Structures are given as C-alpha cells and as structure tokens.
Amino acid sequence: MMVNKGAHCLLTYVAFVLALSLASASDPSPLQDFCVAVNDSTSALFVNGKFCKDPNLVTANDFFFQGLSIPGNTSNPLGSKVTPVNVVQIAGLNTLGISLVRIDFVPYGLNPPHTHPRATEILFVLEGTLYVGFVTSNNPDNKALNNRLITKKLNPGDVFVFPEGLIHFQFNVGQTNAVAFSGLSSQNPGVITIANAVFGSNPAIDPDVLTKAFQVETNIINYLQAQFWYDNN
C-alpha cells in the first residue's frame, strides 16, 4: 500500500506522540528536570544507572537524534531490522522513562518472539500488513488465560499494545515492505529474543537441560545450538 509524503509525515508524527504517552508507565519518576547521561564520573551525579551531565553544559544535541527516516538494513535471515532510539542514542532520555524504535520488514520478514523485561510497547503500523501477537504468562488456575495467544492483523494506521515482559512478535504477511514505529515505557527497555537466548547462549546451556525442557531428542537440541541465531536489534 502506497502512502503519500504528507500522510507519511503525519503518521510518523502520530506514532511519536503515541510513544510520548508512555513516559510514566515503567521507569522511576525523575527528581529533576533532566539528567543527561555522561561517562565522566568526576563531576557528575549518579541517577538511574547513569552519570548526569552538569546541567550548565547541556545542549540541544543531548536531546536530539537524526536519521529515523532511513530504512533499516533488512538483508538478514529474519528479513527485519529494529532501529532503536533509547538512552544510548539520546543521552537526554536518561530518567525520562521512554524510548522509540523503528522496525522495517521485507515481505514475510519477522521480528521473532522476544520480550522487553522493562517496558510495555505500543506499536503503530505506518506501511504494510503485520500479523502481531503476544502470549500471556503461565496461569494454571485459569485455563483460559494460561499461555493464551492473543493476535491481530494490522494495517496502516493501526495500533497494538504488548504488555511489559510478555513474549510477542511481529510478522509481515504482506507482499510489500512494511514499516512500524513502537514507543516503549523505558529509557532502556532491553530485549530478550527467545530462540537466541535459549539456543544461542554463551556458554551454551547444557543440552540435558533443554532436552528435558522441550521433551525432544538430544540431537535436535545439538542441531539448534549449532545454528547461528541472528540478532536484528
């Protein structure tokens, strides 16, 4: 589906506004106007895991990132690329409890099952058609909610929320490229890609553990651990 330039800019702005609405959802509230992250500990305060830059030395560039209009490199086995804008890219995000990502997909590209241990995510589809979903946590006392899969097919302009910590995914089911933007309720939401963590850990998890956990033959686990697990983040 083609989107004209004006609509493209408007939808991008809407995505960014949606991201801003998450600022107080997860990370602790700051006790000052800002705390620009800095590596120099000799003349700084330590807040939320980062040293704060001297406020008198703060500039507009501490709150600025350029280039999110550039598509990510999707030439990889997953056919997707996540471009983050968190406290690593914008030091001024420190203590503000918010971040943003752009996700690019080729046709049938996948952002594989993963979790954000420190953030809820709200996703906005700009272009293409995505099949998205998340899985609820273990709930043996309520079979209706025990590892329930909740999914939706999204089109341009649609929004979907992934609750904090739950396994979720996005898959481009269309025949054209897809673009989405997500706001996350943390300056550093973190990401755990399930397959990478389980089968690509360093050092490797003892195959006996995974054989019992997945109830499969050891040779299957050995095969999976021998694969290269690509990280699109």
Side-chain angles (χ1 to χ4, degrees), residues 1 3 7-27 63 65-74 76 78-90 92-94 96-106 109-136 149-174 176-194 196 230-233:
M1 178 177 180
V3 180
H8 189 285
C9 293
L10 175 61
L11 291 174
T12 301
Y13 174 77
V14 170
F16 186 70
V17 171
L18 287 170
L20 291 178
S21 67
L22 292 168
S24 63
S26 182
D27 285 354
F63 302 92
F65 177 85
Q66 189 174 38
L68 208 60
S69 61
I70 301 172
N73 183 3
T74 53
N76 59 66
L78 296 172
S80 70
K81 178 62 179 178
V82 178
T83 303
V85 183
N86 56 43
V87 70
V88 175
Q89 289 76 35
I90 300 181
L93 281 175
N94 192 43
L96 299 186
I98 192 170
S99 59
L100 181 71
V101 300
R102 170 181 174 139
I103 316 173
D104 289 278
F105 304 83
V106 297
L110 172 70
N111 191 14
H114 62 280
T115 72
H116 301 294
R118 295 179 290 275
T120 293
E121 175 181 353
I122 183 167
L123 178 137
F124 168 78
V125 179
L126 181 64
E127 299 177 7
T129 303
L130 297 180
Y131 169 68
V132 307
F134 65 86
V135 180
T136 64
L149 174 63
I150 297 177
T151 63
K152 191 74 175 177
K153 189 175 181 180
L154 306 180
N155 296 301
D158 291 345
V159 174
F160 196 82
V161 174
F162 305 100
E164 180 175 339
L166 297 187
I167 295 173
H168 59 283
F169 60 87
Q170 299 103 25
F171 181 49
N172 181 6
V173 294
T176 61
N177 290 346
V179 181
F181 289 86
S182 284
L184 297 115
S185 60
S186 171
Q187 66 182 45
N188 183 19
V191 61
I192 302 171
T193 305
I194 306 305
N196 301 37
Y230 186 84
D231 182 6
N232 69 333
N233 287 271

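If you're wondering where the values come from, they're calculated on a predicted model, not measured in any experiment.
- Rounding to the nearest 0.5 Å places CD1 of Ile167 at 10.5 Å from CZ of Phe169.
- Taking the six-membered ring for Trp and the full ring otherwise, the centers of Phe105 and Phe171 sit at least 6.0 Å from each other.
- In this structure, the side chains of Pro189 and Ser99 come closer than 4.5 Å at one or more pairs of heavy atoms.
- Side-chain atoms of Asn111 and Ser80 form no donor-acceptor pair, as typed in the model, at a separation below 3.5 Å.
- Judged purely by atom type and a 3.5 angstrom limit, Asn172 uses its side chain to pair as donor or acceptor with the backbone of Val106.
- In terms of modelled atom types and a separation under 3.5 Å, the side chain of His116 and the main chain of Gly190 share a donor-acceptor contact.
- Closest approach of Tyr131 to Val173, counting heavy atoms only: CB-CG1, 3.6 Å.
- Between Asn76 and Leu78, the shortest heavy-atom distance links the atoms OD1-N, 2.9 Å.
- We find the CG-NZ distance between Asp231 and Lys81 to be 7.5 Å, quoted to the nearest 0.5 Å.
- No side-chain heavy atom of Gln187 sits less than 4.5 Å from a side-chain heavy atom of Leu96.
- Using a 4.5 Å heavy-atom cutoff, the side chains of Leu68 and Leu100 are in contact.
- Contact check for Val135 versus Leu166: no side-chain heavy atoms found under the 4.5 Å cut-off.
- Taking both residues in full, the closest heavy atoms of Gly133 and Phe162 are given as O-CE2, 3.7 Å, listed atom of the first, atom of the second, then distance.
- Counting only distance, with no hydrogens or angles, the side chain of Arg102 and the backbone of Val179 share no donor-acceptor pair below 3.5 Å.
- Asn94 contributes atom CG, which lies 11.0 Å from atom CG of Asn86 (distance to the nearest 0.5 angstrom).
- The line from OG1 of Thr151 to CZ of Phe160 is 7.5 Å long, rounded to the nearest 0.5 Å.
- When side chains are defined from C-beta on, Leu184 does not count as touching Pro84, because their heavy atoms never get closer than 4.5 Å.
- One finds the OG1 atom of Thr83 at 9.5 Å from the CG atom of Asn233 (value rounded to the nearest 0.5 Å).
- Using a 4.5 Å heavy-atom threshold, the side chains of Ile122 and Thr120 count as separate.
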The test is side-chain contact (heavy atoms from CB on, under 4.5 Å); show your working for Val88 and Asn188 and say whether it passes. CA-CA 8 Å; Val88 175; Asn188 183 19; 5.6 Å; no

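- Defined by atom type and a distance below 3.5 Å, a donor-acceptor pair is missing between the side-chain atoms of Asn177 and Asp104.
- In this structure, CD1 on Ile103 lies 4.5 Å from CD on Gln170, to the nearest 0.5 angstrom.
- Under a 3.5 Å cut-off, the side chain of His168 and the backbone N or O of His114 do form a donor-acceptor pair.
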